[in-house]
Amino acid sequence: MDQFEAHRPHLQAVAYRMLGSRAEADDALQEAWIRVDRADTSTVENMGGWLTTVVSRVCLTMLDARKRRREDALEEGRVPDPVVAIVDTEGPEQEALMADAVGVALLVVLEQLQPAERLAFVLHDLFAVPFEDVARIVDRSPAAARQLASRARRRVQGVDADAEAAADRQVVDAFLAAARGGDFEGLLRVLDPDVVLRGDGGGALRVLNGAHAVASSARSIAISERIAVPAIVDGSAGFVAYEAGVAVSVMRFTIADARIVAIDGLFDPERLATLQLPPAP
């Protein structure tokens, strides 16, 4: 398995860009390592390309499963388990993962793509994988793979990712400040009149409709004693709240036209304990 370890930095970068989560990227590499360990590699001529294919297929399966889990969870009346990427993580490991000029803002845009589009764009545009190889991974023709990447490219280029992510973050920060300060009018300014809040505390899903109802309950969401760490939650602006060193909530905000149109909050301590979250600051 020396070949796998030699290519690990590249494989980890591919998985991170595909999944948008360091924890899930690590899971993908572990699964890929198991598959490679069981495979006969004696006839493999391009080990780097072959390993990239293995990791990409694992990531594609994980992306499809993630989409199904979210759809199933909403149908079952609960907030799905979120995928969380902390915004301000620094250090050598993070710098290595964020090489090739792919930042958190772009990950937000990638989250909006279909799994096959995302894979085609990431592999070809970011890692220069030939469309013939991409086609084998997504089980399409090279022409279809090219079209997938082209469609994804148009969507990515049509968005100023950094500006959009910064604007969404400002809205979430304004919500937090108003909630903690008891500024009811300030909350109404950042909430869409038809905003929907879904809160999952482990029992029946609590749903609030309308800006006044959500603003009235916002104080409990942003308790001042809690530390709110900015995060990308399922590709959207959000935060993870900690109290006494323990994660107590993960919040995801959907924003349109500089207003919050939906808030999904997971408060269930049992489910939070099973999530792959960063340690408390």
Side-chain angles (χ1 to χ4, degrees), residues 10-25 27-29 32 52-74 80-87 97-169 231-238 252-256 261-262 264:
H10 165 76
L11 300 174
Q12 192 170 36
V14 169
Y16 179 69
R17 284 150 183 75
M18 283 295 303
L19 299 169
S21 162
R22 289 197 297 167
E24 285 205 334
D27 288 344
L29 258 64
T52 299
T53 297
V54 174
V55 170
S56 297
R57 285 176 172 160
V58 171
C59 291
L60 188 58
T61 299
M62 293 175 69
L63 286 171
D64 285 332
R66 181 194 298 176
K67 183 180 178 181
R68 289 195 300 273
R69 283 198 305 271
R70 182 165 187 81
E71 292 172 349
D72 292 343
L74 291 175
D81 289 346
V83 175
V84 180
I86 296 302
V87 172
L97 289 175
M98 300 297 285
D100 301 323
V102 178
V104 170
L106 180 55
L107 290 175
V108 174
V109 180
L110 293 179
E111 192 68 27
Q112 301 169 14
L113 303 177
Q114 293 298 314
E117 291 177 337
R118 182 166 178 163
L119 186 143
F121 174 78
V122 168
L123 290 185
H124 182 267
D125 286 40
L126 303 184
F127 292 98
V129 175
F131 280 120
E132 290 75 11
D133 295 338
V134 174
R136 285 193 289 270
I137 296 172
V138 296
D139 195 25
R140 311 279 181 91
S141 69
R146 187 183 300 274
Q147 183 62 32
L148 285 171
S150 177
R151 188 160 60 234
R153 194 179 305 117
R154 287 195 299 270
R155 296 182 65 181
V156 170
Q157 292 174 346
V159 177
D160 186 340
D162 291 303
E164 186 172 282
D168 286 356
R169 177 57 52 191
I232 299 299
V233 182
D234 291 334
S236 296
R252 177 185 188 271
F253 295 78
T254 303
I255 299 168
V261 298
D264 292 315

Task: Nearest atoms (heavy-atom pairs only) where P115 meets D64 - done: CG-OD1, 3.3 Å
Task: Flag for S150-R154: side-chain donor and acceptor within less than 3.5 Å - done: yes
- [ ] Identify the heavy atoms of G238 and F253 that sit nearest to each other, and give their distance.
- [x] CA-CD1, 3.9 Å
Task: Min side-chain heavy-atom separation M62-D27 under 4.5 Å - done: yes
Open item on the list: A side-chain contact here means heavy atoms from C-beta on lying under 4.5 Å apart; do R118 and L63 qualify?
Closed with: yes
Open item on the list: Tell me the closest heavy-atom pair linking L60 and I137, and the distance in Å.
Closed with: CD2-O, 4.0 Å
Open item on the list: I'd like to know if the side chain of R66 and the backbone of D234 have a donor-acceptor N/O pair within less than 3.5 Å.
Closed with: no
Task: Check: A231 main-chain N/O paired with R169 side-chain donor or acceptor under 3.5 Å - done: yes
Open item on the list: Using side-chain heavy atoms (C-beta onward) and a distance below 4.5 Å, is I255 in contact with V261?
Closed with: no
- [ ] Have a look at V14 and tell me which of Q12, R17, H10 forms a side chain to side chain contact (heavy atoms under 4.5 Å, CB included) with it.
- [x] H10
Open item on the list: For the CG atom of D264 and the OG1 atom of T254, what is their distance to the nearest 0.5 Å?
Closed with: 6.0 Å
- [ ] Identify the two heavy atoms, one from V54 and one from A32, that lie closest to each other, and give their separation to 0.1 Å.
- [x] CG1-CB, 3.9 Å
Open item on the list: I'd like to check the side-chain hydrogen bond (donor to acceptor under 3.5 Å, both in side chains) partners of D125; sequence neighbours left out, ordered by chain and number.
Closed with: R153
TODO: Can you establish whether the number of heavy atoms outside R146 located under 6.0 Å from its atom CZ is more than 12?
DONE: no
TODO: Would you confirm whether R252, through its side chain, and A262, through its main-chain N or O, come within 3.5 Å as a donor-acceptor pair?
DONE: no
- [ ] Might you point out which heavy atoms bring A149 and F131 nearest each other, and give the distance in Å?
- [x] CB-CE2, 3.6 Å
- [ ] Would you sort out whether T52 and L11 count as a side-chain contact (heavy atoms from CB on, under 4.5 Å), showing the intermediate values?
- [x] CA-CA 6 Å; T52 299; L11 300 174; 4.0 Å; yes
Task: Nearest atoms (heavy-atom pairs only) where A145 meets A120 - done: O-CB, 3.9 Å
TODO: Supply the atom-to-atom distance R57 CZ to M18 CE, rounded to the nearest 0.5 angstrom.
DONE: 13.0 Å
Open item on the list: To the closest 0.5 Å, what do you measure between CD (E132) and OG (S141)?
Closed with: 10.5 Å
